[in-house]
Each structure stands twice: as C-alpha cells, then as structure tokens.
Participant: 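Here it is, the structure in full.
Computed over heavy atoms, backbone and side chain alike; hydrogens, waters and symmetry mates excluded. Fair warning: this is a prediction, and the values are worked out from it, not measured in the lab. Within every chain, numbering begins at 1; the chains are lettered A, B, ... in the order of the sequence lines, protein sequences first and strands thereafter.
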Protein chains: 2
Amino acid sequence: MNVTIKDIAEQARVSYATVSRALNNKYGVDPETRRRVLSVAKELNYRPNAIARGLVSNRSFTLGLILPDVTNPYFPAVAAGIEAGAQERGYSVFLCNTNWDTRRETNYIKLLSERRVDGIIHAPVGNTLNEETEGLLPTVYVSNAPKNARQSSVIIDNIRGGYLATKHLIDCGYESVGFVGVSEHETMANNDRLEGYKTAFRRYGKEIKQDYIKFGDFRQETGYKIIQTMIADRSYPQAIFAENDVLAIGILHGIKDMGLRVPDDIALIGFDDISFSAYQEIQLSTISQPKERMGRLAVDLLIDEIESGDAKAAPRRVILEPELIVRKSSCRSTGSDEELLPRTEAGGSVPG
Amino acid sequence: MNVTIKDIAEQARVSYATVSRALNNKYGVDPETRRRVLSVAKELNYRPNAIARGLVSNRSFTLGLILPDVTNPYFPAVAAGIEAGAQERGYSVFLCNTNWDTRRETNYIKLLSERRVDGIIHAPVGNTLNEETEGLLPTVYVSNAPKNARQSSVIIDNIRGGYLATKHLIDCGYESVGFVGVSEHETMANNDRLEGYKTAFRRYGKEIKQDYIKFGDFRQETGYKIIQTMIADRSYPQAIFAENDVLAIGILHGIKDMGLRVPDDIALIGFDDISFSAYQEIQLSTISQPKERMGRLAVDLLIDEIESGDAKAAPRRVILEPELIVRKSSCRSTGSDEELLPRTEAGGSVPG
DNA sequence: ATGAAAGCGCTAACAT
DNA sequence: ATGTTAGCGCTTTCAT
C-alpha cells in the first residue's frame, strides 16, 4: 500500500494532525518537529493523496477541456496554452474529445461533474445553450460561445474577421466573392464570420449572390467537393472566403485538381491561420487567431473565477482582434501593399 | 452543496447503504426499493462523487497521458486513439505536455502519482530509464520506449522503418543517401531509425559517409537550416532520409529556398506520415506509423494490466510494422512500381 | 505547539 | 432485503 500521513506520524512520533500541518506549512508547528516530519516524509517517499485531499477540501485542482477534435491543428494550438497555463497554476486537465458531437459534449460535462473538476474550458460545437448542463460547473468558453451564454468566454471578433477577409478580396478587385462555411447555423463563430462577409458586401454596396454561399461541414474533403461541384457546374466566383483553413485547403486542392490556379483563376482566403497555411507550398491568406494566447486567457479567467468564488458573478467576455494575413492565395499581384492591408481605413471597426 | 447518497436515503426512506447498493446494481435490493431510489436520485439530479468513490476503492479510473508536444501533429493522432479508447472503457485522461523536457516528464509522473491515476501512457523524450519514477505507476510506453524499460510498450519496428526508407532511396538509384536526425542518442526510436539506415548500407555493400549524417533537434526550422548549410557548403547527398516528417518538411523548404528541386536535385523521404505529408503540394514520401491504432493498443494494454492486476507481470512489447509510402519527393520517375515497393524481396525482414 | 476527534461521500463487511 | 458500522487519507475544529 501507499504511505500515508499515519505512517509518517508513527515514524516521526507525532500525531497525524501535526504531520498534516507540517506538510502544508501551517502555523503552529515547532520548526524542529516540522524538520523531522519533512525528513521522514522524504525518506518514506511520501506522496500526498490528492483524492483524499479533494474529498475534504471539496476542490480537485482539476479542469476539463472539451474540444471537438484534437486532430484539427487549430485545437492543439489552443490546448497547448491551456495546458501550460493550468500546469503553472497547479491544475491538471482532462482531455475530452467530442468528435463534433453535441451529445458527447453533454456526456462529458456530466462525467466531469462526477469527477468533481473545479471548472471546464469548452470549445463548443453548436451555438445553442445546453440547458441540461449549462451552469452545472464554472465554465469558460473558448474559440466559440453559444448564444446567450451565461458563462465567460474568450473568442475573437469573428464578425470583424469575416469582414476583413471579405473586404480584402473585394479590395483586390474581385467582382464576385463567395463564401464556404461549415454549416448554416452551426456555431456562433460561423454565423459571425458569415455576418462579417455580408457586412463587407453592404459596405461596398455589392449584392450578395446566394449561389456563391455554400455550406458543408468542417472537413477538408468537404471543401474539396464543394468547389469541384461549383467548377463542374461552371458557376463559381472569382474569389472565395472559406470559413476555416482546413476547409480552405480542401478548396485549394479541389481547384488545382480541376486544373485551375490559385489565385489567378480563383482567389482564396481562409480563417484561423493553422500552421500549414504558412507553408511556402500553400501560402494561404487567412485571418489569424492568437490561439495559444486565447488558451492561456481562458484558463486564467477560469481559475480566477474558481479561486475567487466568483463563478456566479457577471460573466466576462473577452473578444480579441483577428488579424489579416496576406499570402499568395488571395491576390493577383496588383495594387500596392497599402491596398492589401487596409489598416488605416476610416471606420475600420465594424458593427457588432 | 452537492447532493449525496444521504440526501437520497432520506428522501427514499432507506439507509444510505441501500442507496449505494441500488445505485451500483448490487444484489439484494428489492426491485421496488431500487426503483424508488433511482427515481429520487434522478429527481435530485444526483451525481456520484468519483472522488469519494476513488478514495474507498483505491481506483480513480483516471489515466495520465504524457507527450512531448501536442502541437506536433504526430502526437494528437496518437492521442485521439488513446482518448477514444479510454473513454470507451470508462477512464478519463489527464493531458501532460512536456515540451521535450525530461525534467517535466519526471514532475508530471510525480504529479500523476499524487493524483492517483491508475496508470500512465507515456511517449517519452529520451532513451534512458528514469530510475526515480520507473515503476511508480503502471505504464505503457507508446511511440518510443526507453532502453531496458520494464514496462509494456507499443512501438513500430523503427529499425525496419529506417531500413525501408533507406533501401527505397538506394533502389531509386541514388549514389549518396544522407541521414538527418533529431539527436545522436536522444531516443530509442531515433537510434533505431539510424540503425536501419546503416543496415541498408551494409546490405548493399555501400560505405557510410559521416559527412552526410547530421543531427539537430525535432523542429522544422532545424531541418531547414541543416540542409541550407549543406547546400551552401556544396556538400550534400543526392537523397536524404529525415528521421521524421516535421524535419523533412523543413528540409523540403530549405532545398526549395536554395533554388534546388525535390526530388530532381535532392530526393527526400521522411518518417511518421503526418497528415500534411500527403498534401498534393508536399507529396512527401515517408514511413507510415499506424498512429491512432497505436494509441488504442496502448490504452487497451494499460487498462488490461490495471484491471487484471497484472501490472507487475511480464511487460508486453507490441511492435507494429511500418509501411513505406512512396510519393513524389523520393524518386525521379524511373523504374517500375515493383522496384519502388520492394515488398516481395527475399529476406525482407531485417535483423533486430 | 500538539493531540483527539469529527467528517468529507462513498463502499463493503457485518449484522439482522 | 435492509440497516449499522467502519474506514479510505486527509483537513480542520476543538481541546489541552
């Protein structure tokens, strides 16, 4: 069996309450006694039982991380920030992979609540609040937050991101700009990116062509198929804003396999700035999210709430700025850099 | 406060032992009583406290997953298998990211032992056994295992992988074949891949040229720099076997940025078959590992050991077959497919 | 400064 | 079939 404070107490000839005090640096322990206890503990290779500790303190120093897909490079980038931040503050994190399945999300939340995690960081799939589980545990949403969420969140301004992407394509001079998204109403982030797209059209007095707005899912293959169908039907725009880089890369491949070129025949911009987008062979223009930083912010927010007992206080909504990254996929090389990066434009901020 | 079995006992007018029995489907509970207990439990929205349960059963149904870098696409692929397998069998997994730092590995193992995980799945950085922590917890190594490990492991035959890669390049007709590795003695997997490389040279009666064997680290950037230096020094082989795909992609970029072409000027093969290697823009030949399957095998092995109490039994070593994947980066299109895939060669297996 | 004892929520004997 | 009790390893009053 494992060594317990009782074993130490015996060896050190003190009560086990004293051992507990000594081990936890509490007041009221003779320095000499403390020294002896510590030395015995080390000698016996004592490891405090976090489970027992958790039972009495009602705190597990444990967090749940719920995300749709570890295999999609966007999420590990966020997760890295979360894991590092949690570790620094003495928390361990349970990895929960939902495979984009909201039922699995629900199950995981219940499971985590049985495991008595102190809180959850959740990159949710949908945009609807799960009434069954909402509020069960202190939660911080990251990357995407359900509508009307009563919990804190760390996201980027997706409307602005969608706006920047679309505006960039319009500024490049493309007459028609299409949109390829995950699903018509899947997540808030989706809605917002599409909203940003529409805003740009409005601003420029352009008319939205429904034929150039397509929805599928989050898979690369889907982007591939969507564009191939459009090309085969000879009905495709001069430029496409894809809602995320994975989709965009699928589109990129689809375009090439149909014998067309990017950006010459179809220009392309993605969203997220996953690491491969920067590869010289890909050179995908995109909207960047500060992924690791978002992860760190999310844990810090969560742990602050937990430790201050403020979990029920007003939720905080952190909204970070997206950044336009221009690479080769988006513009035929016309126009100056100024035009490509309309940073200084009046009214740069966008409604929402 | 959370609702406990006592609350249920009160409401259902039974002792809390009976509640426990009813909840856990134990024998000796009147069906009617059980029904009542269950209904009260549901009504009160009862969630069993896994912490308390763990304290008495001395089992947490919790696993630790220690890996070097979530951000390197190889590991999430393995992790996905682990997470899914664990979940199916009722275990949750703690994510531990070491950043290729062996001290962090040690710290994590201690931490996990305090958290009373039932076992650990470990993708270790080094090849040396950590005497301080080895055997502290039931462990299954995955992807790489320390020399003389006394615990089970799930790896591929890296010697054979290295051999296949090198043989392939030799078969393509390249006179000189170089090797770029992570570090001279960093991990067993590394050593073995290099060993396979050497074996191929021996088999073909070729002489190894030390100038064409280079070491760096696990970063893409490092591969980039190594090849650029070689090219700048005008001392580079016709083909290169890179110990992993991340390194290989760095090399690929380095070659292109120096104005040379792959495979025409320098042929290239990697190792791992991470997802981007298959991109049509990359087309990196490589040695494939069944990553997700390795993850699943590792959890299953671990949980079997845990649940059978066999943790101290003879460790099992699962060694899977690597697979040669030929894409465009490795051969100028000469020779038939037969030659490219020397599957039927006599003595296809390799010593080790 | 230290010890005795209660109790966290649960399971598992042991009674009845 | 059900209740009583002890105890898992620890923290935390409450005494002394």
Participant: Salt bridge check: are Asp300(B) and Arg89(B) linked by an N-O gap of less than 4.0 Å?
Facilitator: yes
Participant: Reckon Tyr16(A) touches a base, only the sugar-phosphate, or nothing at all at heavy-atom distances under 4.0 Å?
Facilitator: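 It contacts base atoms.
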Participant: Given dA1(D), dC10(D), dT2(C), which nucleotide is nearest the side-chain atoms of Asp30(A)?
Facilitator: dT2(C)
Participant: Looking at Glu105(A) and Lys110(A), is there a salt bridge between them, counting it only when a charged N and a carboxylate O are closer than 4.0 Å?
Facilitator: no
Participant: Is there a side-chain contact between Asn49(B) and the phosphate of dC8(C), meaning an N or O under 4.0 Å from OP1 or OP2?
Facilitator: no
Participant: Return no unless some side-chain N or O of Lys26(A) is found under 4.0 Å from OP1 or OP2 of dA1(C).
Facilitator: no
Participant: How are the rings of Phe218(A) and Trp100(A) set relative to one another: parallel (under 30°), tilted (30 to 60°) or perpendicular (over 60°)?
Facilitator: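 Correct class here is parallel.
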Participant: Measure from CZ on Arg13(B) to P on dT2(D) and round the result to the nearest Å.
Facilitator: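 The answer, rounded to whole Å, is 14 Å.
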Participant: What's the CZ-P distance between Arg34(A) and dT2(C), to the nearest Å?
Facilitator: 10 Å
Participant: So does Arg21(B) reach the base of dG3(D) with its side chain, donor to acceptor, closer than 3.5 Å?
Facilitator: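 Flag set: donor-acceptor pair detected.
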Participant: Atom CG of Asn58(A) to atom C1' of dC10(C): distance rounded to whole Å?
Facilitator: 14 Å
Participant: Does dC10(C) have OP1 or OP2 sitting under 4.0 Å from an N or O in the side chain of Ser20(B)?
Facilitator: no
Participant: Check the distance between dG9(D)'s P and Glu10(A)'s CD and give it to me in whole angstrom.
Facilitator: 13 Å
Participant: How close or far is atom P of dT11(C) from atom CG of Leu55(A), stated in whole angstroms?
Facilitator: 12 Å
Participant: Indicate whether OP1 or OP2 belonging to dG3(D) is found under 4.0 Å from a side-chain N or O atom of Thr18(B).
Facilitator: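 True: Thr18(B) side-chain N/O within range (under 4.0 Å) of dG3(D) OP1/OP2.
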Participant: Assign the ring pair Tyr141(B) / His122(B) to parallel, tilted or perpendicular, where the plane angle (0 to 90°) is split at 30° and 60°.
Facilitator: tilted
Participant: Of all the choices, dT2(D), dG9(D), dG3(D), which nucleotide is nearest to the side chain of Ala17(B) once you look at every atom?
Facilitator: dG3(D)
Participant: Specify the residue among Arg47(B) and Tyr27(A) whose closest nucleotide of DNA chain C lies further upstream toward the 5′ end.
Facilitator: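 Here Tyr27(A) is the residue nearer the 5' end.
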Participant: Round to the nearest Å and state the distance from Asn24(B) atom CG to dG9(C) atom P.
Facilitator: 17 Å
Participant: Determine the contact category for Ser57(A): base if any of its heavy atoms lies under 4.0 Å from a base atom, sugar-phosphate if only primed atoms, P, OP1 or OP2 are that close, otherwise nothing.
Facilitator: nothing
Participant: Rounding to a whole Å, what distance do you find between Ile51(B):CD1 and dG9(D):C1'?
Facilitator: 13 Å
Participant: Among the candidates dG9(C), dT11(D), dA4(C), find the nucleotide nearest to the side-chain atoms of Ser15(A).
Facilitator: dA4(C)
Participant: Look at the side chain of Thr33(A) and decide which nucleotide, out of dC8(C), dG3(D), dT2(C), has an atom nearest to it.
Facilitator: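 The nucleotide sitting nearest to the side chain is dT2(C).
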Participant: State, to 0.1 Å, how close Ile303(B) and Ala86(B) come at their nearest heavy-atom pair, and which atoms those are.
Facilitator: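 Looks like CD1-CA, 4.4 Å.
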Participant: Roughly, in whole Å, what's the span from CD in Glu114(A) to C1' in dG9(C)?
Facilitator: 13 Å
